[in-house]
Each structure stands twice: as C-alpha cells, then as structure tokens.
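Working notes, structure below.
Chain letters run A, B, ... following the sequence lines, proteins first, then strands; residues in each count from 1. A quick note: this is a predicted structure, and the numbers were derived from the prediction, not measured.
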Amino acid sequence: MPELPEVETTRRGIEPHIDQQRVADFVVREPRLRWLVPSEIPENIVKKRVNSVERRGKYILIRFDEGDLMVHLGMSGSLRVLPTGTEPAQHDHVDLVMENGLLVRLTDPRRFGSVLWQPKGETHKLLEKLGPEPLSDAFNVDYLFKASRNRSLAIKQFIMTSEVVVGVGNIYANESLFKAGIDPRKPAGKVSKQRYERLVVEIKSVLEYAITRGGTTLRDFLSSDGKPGYFAQELSVYGRGGEACKSCGSTLKEIRQGQRATVFCPRCQR
DNA sequence: AGTCGCGCCTGGCGGC
DNA sequence: TGCCGCCAGGCGCGAC
C-alpha cells in the first residue's frame with residue numbers, strides 16, 4: 001500500500017510529464033471513491049496549465065492558478081502516465097488528460113483513494129489539521145516530545161496520528177519503533193526525551209531509505225505496473241510475526257492495536 | 001479534549 | 001476445483 005515514500009515516488013514520477021503542461025480533459029468513470037469526486041473539477045482545470053506538482057502528507061497536489069487538484073492513493077491506488085487513447089481497464093476510475101498526448105490515470109481497486117478540489121486561497125478541510133512533514137526540520141525531538149506529554153495513547157498509534165506527524169503509516173511505524181528499540185505499546189506520554197530523539201532519527205531514516213528504494217522500482221512511469229517500491233525482505237518486523245528477530249533471534253510478537261497489526265521484538269523493544 | 005471503534009471496499013487467501 | 005468467509009488497512013467520524 002502506498003505510504004509516504006510511495007506517494008513521493010509517484011509525485012516525482014508524474015511531475016516531469018505534466019508540470020507546465022495544459023489539461024485537455026478530465027474524465028471520471030467512477031466518482032464513488034473515498035469521497036465523491038467533485039463535479040466542479042473540469043471547469044476549473046480544463047485548458048489550464050499545471051504550475052507545480054507537490055506533496056502534503058500522502059496527498060499529491062497538482063497546482064493551478066485556480067486551485068489544487070488533490071489526489072490521495074488510499075490503500076490500493078496508483079497513478080500512471082500513459083499515452084492518450086490507452087483503453088481503460090477495470091478500476092481505472094479517473095484520467096487527467098494533458099494536451100501533450102499523455103494522461104495520468106488513477107487506478108484504485110478498493111476505492112479508498114480520493115480526488116478532491118481545493119480552490120485557490122482555501123485550505124481543504126482534510127489538510128487543515130495535518131501535522132508537520134516527517135522529513136522537515138519542524139519534525140524534531142522538541143516538537144514530538146512536547147506533543148506527547150500527557151498522552152496515554154500507545155506510542156505506535158501516537159506516531160500514526162496525522163495531526164502529530166503526517167505520512168507514518170503502519171509499515172513504517174512498526175519499522176521505526178523496532179529500529180529505535182521502543183515497545184509500541186508504551187504510552188506516548190511515558191517515553192523519555194532521549195528515546196524520542198532516537199525515534200525521530202529512525203523515522204526520518206526509514207522514510208528516506210524507502211524513498212530511494214521506491215525510486216528504483218517505480219522509476220518508469222510510462223510503463224510501470226504500479227507495484228510498491230519496497231521489498232518484504234528489507235523489512236525488519238512488518239509482516240514477520242512469529243519469525244526470528246534479525247537482531248537477537250527472539251520470536252517476533254504480533255498483536256493488534258486499533259485494528260492494525262503490530263509486530264515487535266519483545267527483547268529488543270522495551 | 002483525548003481515546004476508541006466503526007466502516008468504507010475488493011483482491012487474495014485459507015479452509016472445506 | 002469452487003465457493004465462502006475473512007482479512008488487510010488509511011483515516012475520517014461519531015460516541016463516550
């Protein structure tokens with residue numbers, strides 16, 4: 001599923017093909033995504049030029065003078081750049097058709113993704129309460145430690161809260177807590193500043209590394225099949241419940257926190 | 001205000 | 001082989 005590294009890789013993949021290009025058409029075959037695709041999109045973007053392709057959390061922002069097209073990939077979404085006229089297949093819900101003979105196609109079998117519109121000068125409700133970008137300087141130990149005080153929430157769920165920090169999904173929450181040696185069940189408010197220091201470093205490092213991997217396998221956006229850019233064998237804990245810890249050999253424990261799988265090493269993570 | 005659990009959706013998989 | 005039921009999960013939202 002796309003997490004921040006995959007979204008960033010996707011952004012970099014489509015940017016060179018649509019930046020500064022004009023929109024020829026906007027085609028919606030299935031508007032029933034996570035949120036209904038707003039009907040006012042075509043009148044705002046057709047014949048208009050893309051100013052930039054940016055990212056905020058897991059949202060890709062395709063920016064115009066009139067406002068921003070917001071794309072979220074949900075769990076199963078992907079964007080591909082294809083020649084105009086390519087026949088749509090099942091689950092190909094939305095096309096952004098450009099005047100340069102290419103189109104950006106959203107494929108999303110589970111339809112947890114979304115395509116939204118943010119008018120110029122407004123901040124979309126879904127972006128309003130988002131926390132800092134994990135790779136920015138604003139995401140640092142002072143910030144995170146302060147935000148965690150008096151929070152009884154388990155630290156894993158705390159770092160997966162988008163108001164705290166954006167883009168840390170289940171996979172990278174599990175991985176970074178393992179690398180930082182922190183028990184995912186520990187209440188966020190009871191974790192020391194020293195340990196937050198390490199966690200911040202690990203979150204940044206795990207995301208940065210994953211971006212380099214995503215860039216490797218999703219490089220060719222003109223023919224990519226949209227497979228995720230990370231490989232299971234590179235993960236330390238995610239999806240490895242019951243297997244041996246790569247660090248100490250103990251059996252990795254799998255539990256559920258807030259209906260999501262948590263995997264950790266009871267010996268390495270305290 | 002903070003925390004918790006629900007529900008959206010469908011491909012894939014285990015069990016029979 | 002085929003069918004059924006369950007699970008995965010991002011994340012907003014309503015309930016306490």
Side-chain angles (χ1 to χ4, degrees), chain A residues 1-11 28-38 55-61 70-79 88-94 106-118 123-134 144 146-177 184-191 203 207 210 214 225-230 232 235 237-242 254-263:
Chain A
M1 70 293 319
E3 296 216 22
L4 188 141
E6 288 71 38
V7 176
E8 176 58 21
T9 301
T10 297
R11 187 199 69 74
V28 179
R29 281 175 292 271
E30 174 55 88
R32 294 172 302 165
L33 306 184
R34 176 69 175 83
W35 310 104
L36 204 64
V37 179
R55 181 184 58 74
R56 178 71 178 104
K58 293 183 187 170
Y59 287 92
I60 291 171
L61 304 179
M70 300 164 50
V71 180
H72 196 292
L73 300 176
M75 292 200 42
S76 57
S78 65
L79 293 180
Q90 196 187 8
H91 309 308
D92 289 347
H93 306 311
V94 177
L106 172 70
T107 304
D108 187 2
R110 292 183 202 177
R111 296 199 266 121
F112 275 25
S114 50
V115 177
L116 300 165
W117 178 249
Q118 172 174 258
T123 301
H124 196 282
K125 191 182 164 193
L126 298 178
L127 300 185
E128 235 164 29
K129 298 197 299 183
L130 293 183
E133 289 288 330
L144 194 61
K146 198 172 173 188
S148 70
R149 292 309 89 180
N150 301 318
R151 299 291 298 263
S152 61
L153 194 65
I155 187 157
K156 187 202 172 208
Q157 293 169 286
F158 175 68
I159 61 171
M160 286 178 69
T161 303
S162 62
E163 288 161 47
V164 173
V165 57
V166 295
V168 181
N170 198 37
I171 294 174
Y172 297 115
N174 278 297
E175 293 295 303
S176 55
L177 285 166
R185 301 167 295 187
K186 213 159 190 249
K190 294 194 170 172
V191 174
I203 288 173
L207 291 174
D225 59 2
K227 278 179 183 160
Y230 48 82
L235 299 171
V237 288
Y238 183 80
R240 300 192 62 241
E254 179 153 355
I255 59 171
R256 296 194 70 77
Q257 290 181 292
Q259 293 99 255
R260 266 166 231 126
T262 295
V263 186

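Here A:Q157 lies out of heavy-atom contact (under 4.0 Å) with every strand. Counting any heavy atom pair closer than 4.0 Å across all strands shown, A:K125 reaches sugar-phosphate atoms only and no base atom. Backbone-only contact: A:R111 has heavy atoms under 4.0 Å from sugar-phosphate atoms and none from a base. If you check every strand for non-hydrogen atoms under 4.0 Å, A:R34 touches a base. As judged by a 4.0 angstrom heavy-atom cut-off over every strand, A:R256 is placed among residues touching the sugar-phosphate backbone only.
The CD1-P distance, from A:I171 to C:dG9, rounds to 8 Å in whole Å. Rounded to an integer number of Å, the gap from A:L126 CG to C:dG12 P is 6 Å. The interatomic distance linking A:R110 (CZ) with B:dG12 (P) rounds to 9 Å, in whole Å. To the nearest angstrom, P of B:dG12 lies 13 Å from CE of A:M75. In this structure, A:L73 places its CG atom 22 Å from P of C:dA8, rounding to the nearest Å. Between the P atom of B:dA1 and the NZ atom of A:K129 lies a distance of 10 Å, rounded to the nearest Å. Between A:L116 atom CG and C:dG10 atom C1' the separation is 14 Å, expressed in whole Å. Rounded to an integer number of Å, the gap from A:N170 CG to C:dG9 P is 5 Å.
In this structure a side-chain-to-backbone donor-acceptor pair under 3.5 Å is missing from A:R56 to A:L61.
With distances taken from any side-chain atom of A:Q259 to the nucleotides C:dG12, B:dC6, C:dA8, the minimum falls on B:dC6. For A:H91, the listed nucleotide lying nearest its side chain is B:dG11; candidates were B:dT3, B:dG11, C:dG10. Ranking C:dG10, C:dG12, B:dC4 by closeness to the A:M160 side chain, first place goes to C:dG10. Ranking B:dG11, C:dA8, B:dC4 by closeness to the A:Y238 side chain, first place goes to C:dA8.
One finds no side-chain N or O of A:S76 lying less than 4.0 angstrom from the OP1 or OP2 phosphate oxygen of B:dC9. For A:K58 and C:dC11, the shortest distance from a side-chain N or O to OP1 or OP2 is below 4.0 Å.
The shortest distance between side-chain heavy atoms of A:V28 and A:V115 does not fall below 4.5 Å.
Where A:N150 and A:R260 each meet DNA chain B at their nearest nucleotide, the meeting point lying more 5' is that of A:N150.
For A:R149, the CZ atom sits in a packed shell: over 12 heavy atoms of surrounding residues, nucleotides or ligands are nearer than 6.0 Å.
A side chain to side chain contact (heavy atoms under 4.5 Å, CB included) with A:R110 holds for exactly one of A:M75, A:H91, A:R34; it is A:M75.
Atom CD1 of residue A:I203 and atom CD1 of residue A:I159 lie 4.5 Å apart, to the nearest 0.5 angstrom.
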